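Have a look at the structure below before the remarks.
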Amino acid sequence: MVHVHNFFAQGVEERQREEEDADLAEATDRYDLEFRMRKQDRLRGGSYWSNGNNR
């Protein structure tokens with residue numbers, strides 16, 4: 001049962017990350033990109049760079 005929960009939780013997190021990445025990809029310039037990154041930070045309650053998103 002725990003494995004099933006982990007499977008679905010991972011799927012939700014992956015979809016959320018894909019949506020966030022797609023939003024960042026729509027940025028028109030670096031200022032827009034920085035604005036979108038800060039917006040995601042505020043929604044998530046943390047720093048974009050400290051959450052392992054700096055691939």
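Because the structure is a prediction, the values reported are computed rather than measured.
With sequence neighbours left out, the side chain to side chain contact (heavy atoms under 4.5 Å, CB included) criterion links E34 to Y31, R38.
In this structure, R44 pairs ionically with E20, as a charged nitrogen and a carboxylate oxygen lie closer than 4.0 Å.
Pairing each heavy atom of L24 with each of L33, the nearest pair is O-CD1, 3.8 Å. In plain terms, the two heavy atoms of D32 and A27 that are nearest each other are OD2-CA, 3.1 Å.
One distance of note links CZ of R42 with CE of M37; it measures 12.0 Å at 0.5 Å rounding. In this structure, E13 CD and E18 CD are separated by 12.5 Å, a value rounded to the nearest 0.5 Å.
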Could you give me the CA-CA distance, side-chain angles and deciding distance for R15 and V12, then say whether side chain to side chain contact (heavy atoms under 4.5 Å, CB included) is met? CA-CA 5 Å; R15 279 192 298 273; V12 169; 3.5 Å; yes
